[in-house]
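Because the structure is a prediction, the values reported are computed rather than measured. Numbers restart at 1 for each chain; the letters A, B, ... are given by sequence-line order, proteins then strands.
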Number of protein chains: 2
Amino acid sequence: MQQNDEIGFFIKLISECLQKKANQTLKEFDLTLSQARILFYLHDRNETQTSLKDLEDFFEVTHPTIIGILNRLEGKDFVRNEHNSKDKRLKTIFLTEKGINLFFTMDHFRKTTERKMMQGLTSDQITELQSLLTTVYKNIQEI
Amino acid sequence: MQQNDEIGFFIKLISECLQKKANQTLKEFDLTLSQARILFYLHDRNETQTSLKDLEDFFEVTHPTIIGILNRLEGKDFVRNEHNSKDKRLKTIFLTEKGINLFFTMDHFRKTTERKMMQGLTSDQITELQSLLTTVYKNIQEI
DNA sequence: GCTAAATATGTAGCATGCTACGATTATATA
DNA sequence: TATATAATCGTAGCATGCTACATATTTAGC
């Protein structure tokens with residue numbers, strides 16, 4: 001472990017640590033990080049209609065995962081859905097008024113988190129990090 | 001999302017992708033990645049006695065998480081535990097014969113995975129990646 | 001047009017992470 | 001020594017990821 005799988009394990013630690021910290025902060029909004037990311041995405045889509053499939057593709061998770069998160073968001077009245085009349089297989093997901101308001105409430109948090117994450121790194125280093133991670137990601141996808 | 005939380009989300013994608021790919025391969029050994037990491041750790045500890053607390057500290061997860069994984073490993077007869085007679089609060093975790101054999105069976109897989117992950121990167125680039133990730137990790141821990 | 005295949009969503013059950021609460025044992029302090 | 005605190009492990013219940021199976025609708029091929 002110490003010699004092998006070192007970076008893989010390290011990346012997992014970072015991912016889980018970010019999730020824990022974010023969930024602590026998001027608790028006051030009655031949200032989790034995965035739920036918040038979906039709210040952000042729905043807001044950023046603006047006028048573009050969003051289906052479950054769109055969410056699956058963007059977040060690279062399976063549809064049961066998306067359904068679970070959306071059910072909890074609907075239970076808290078942050079999103080709602082409508083059946084698409086053109087293709088009856090599709091559900092279109094919308095932010096509610098409450099969801100839109102929450103988005104703006106969290107906007108400051110959203111913008112400062114990545115800044116804190118990248119503290120002490122030059123923009124060249126950030127670019128380098130993204131490039132190195134992209135290589136690693138491509139390698140893993142081919143395993 | 002696209003502008004903010006970009007690297008945080010990317011790191012999550014990488015971590016989950018590695019987990020999915022590893023779990024596919026490990027399926028033939030009746031193991032998951034989290035379970036395999038614990039087997040590796042137990043083997044690397046060699047003669048050092050390992051408690052639940054040691055596992056919690058190394059893997060940076062809570063004890064209910066470790067208990068769950070160990071229960072599944074015990075159910076498959078890969079590990080066993082004994083009560084520590086000096087401190088009755090402690091359980092000592094051991095690999096069984098079956099667990100030790102599995103370790104050697106998986107050794108090749110263990111060694112090639114990180115190599116595949118790092119394909120196309122020079123050792124300087126790997127060092128740079130580790131250094132950049134360490135900075136990010138420290139930043140996140142202070143949030 | 002009809003049937004087969006593909007696509008989108010739903011449900012059940014599992015693994016792994018968490019928090020919150022409890023039980024037992026060790027340690028520290030009055 | 002006696003009691004309070006700390007440390008370790010256990011259980012319950014939840015969120016988020018998965019696979020496998022099911023259903024409904026659309027699309028493609030004959």
Between A:Thr32 and B:Gln24, the residue closer to the 5' end of DNA chain D by nearest nucleotide is A:Thr32
Map A:Lys91 and A:Lys27 onto DNA chain C by nearest heavy atom, then report which one ends up closer to the 5' terminus.
-> A:Lys91
Look at the side chain of B:Ser131 and the backbone N and O of B:Thr127, then say whether any donor-acceptor pair between them is shorter than 3.5 Å.
-> no
Going by number, which of residues 66-76 of chain A have a non-hydrogen atom under 4.0 Å from DNA chain C?
-> A:Ile67
Within residues 49-56 of chain A, find the residues that approach DNA chain C with a heavy atom at under 4.0 Å, and present them sorted by residue number.
-> A:Ser51, A:Leu52, A:Lys53
Are the side chain of B:Lys21 and the backbone N or O of A:Gln141 linked by a donor-acceptor pair below 3.5 Å?
-> yes
Hey, where on DNA chain D does chain B first and last touch, going 5' to 3'? Cut-off is any atom under 4.0 Å from a heavy atom.
-> D:dA7 to D:dA20
So what does A:Ser34 hit on the nucleic acid, given a heavy-atom distance under 4.0 Å: a base, only sugar-phosphate, or nothing?
-> sugar-phosphate
Heavy-atom nearest nucleotide on DNA chain C taken for A:Pro64 and for A:Lys12; more 5' hit belongs to A:Pro64
Whether B:Asn23 side chain and B:Lys20 backbone form a donor-acceptor pair below 3.5 Å | no
Does a side-chain N or O from B:Lys86 land closer than 4.0 Å to OP1 or OP2 of C:dT25, or not?
-> no
Using the six-membered ring wherever Trp is involved, compare the ring planes of A:Phe40 and A:Phe103 and label them parallel, tilted or perpendicular (cut-offs 30° and 60°).
-> perpendicular
Measure the acute angle between the ring planes of A:His43 and A:Phe104, then classify it against the limits of 30° and 60° as parallel, tilted or perpendicular.
-> perpendicular
If you measure only the distance, is there a donor-acceptor pair under 3.5 Å linking the side chains of A:Gln130 and B:Glu6?
-> yes
If a pair satisfies salt bridge (Lys or Arg N to Asp or Glu O under 4.0 Å) and one of its residues is in residues 57-75 of chain B, list it, with sequence neighbours excluded.
-> B:Lys53-B:Asp57
Under the side-chain contact (heavy atoms from CB on, under 4.5 Å) test, which residues partner B:Glu128, sequence neighbours left out?
-> A:Glu128, A:Leu132, B:Leu132
Give a yes or no answer on whether the side chain of A:Ser51 reaches the backbone of A:Leu90 with a donor-acceptor pair at less than 3.5 Å.
-> no
Under 6.0 Å from the NZ atom of B:Lys138, do we count more than 12 heavy atoms belonging to anything else shown?
-> no
Side-chain donor/acceptor of A:Thr96 to backbone N/O of A:Asp77, under 3.5 Å = yes
Touch class at under 4.0 angstrom, heavy-atom based, for A:Gln19 against every strand present | nothing
Take atom NZ in A:Lys88; do more than 12 heavy atoms of anything else shown fall under 6.0 Å from it?
-> no
Of A:Gln35 and A:Lys88, the one whose nearest nucleotide on DNA chain D sits closer to the 5' end is A:Gln35
Output a table of nitrogen or oxygen pairs between the protein and nucleotides 21-24 of chain C separated by less than 3.5 Å.
none

Regarding A:Arg37 and A:Tyr41, is there a side-chain donor-to-acceptor distance under 3.5 Å anywhere?
-> no
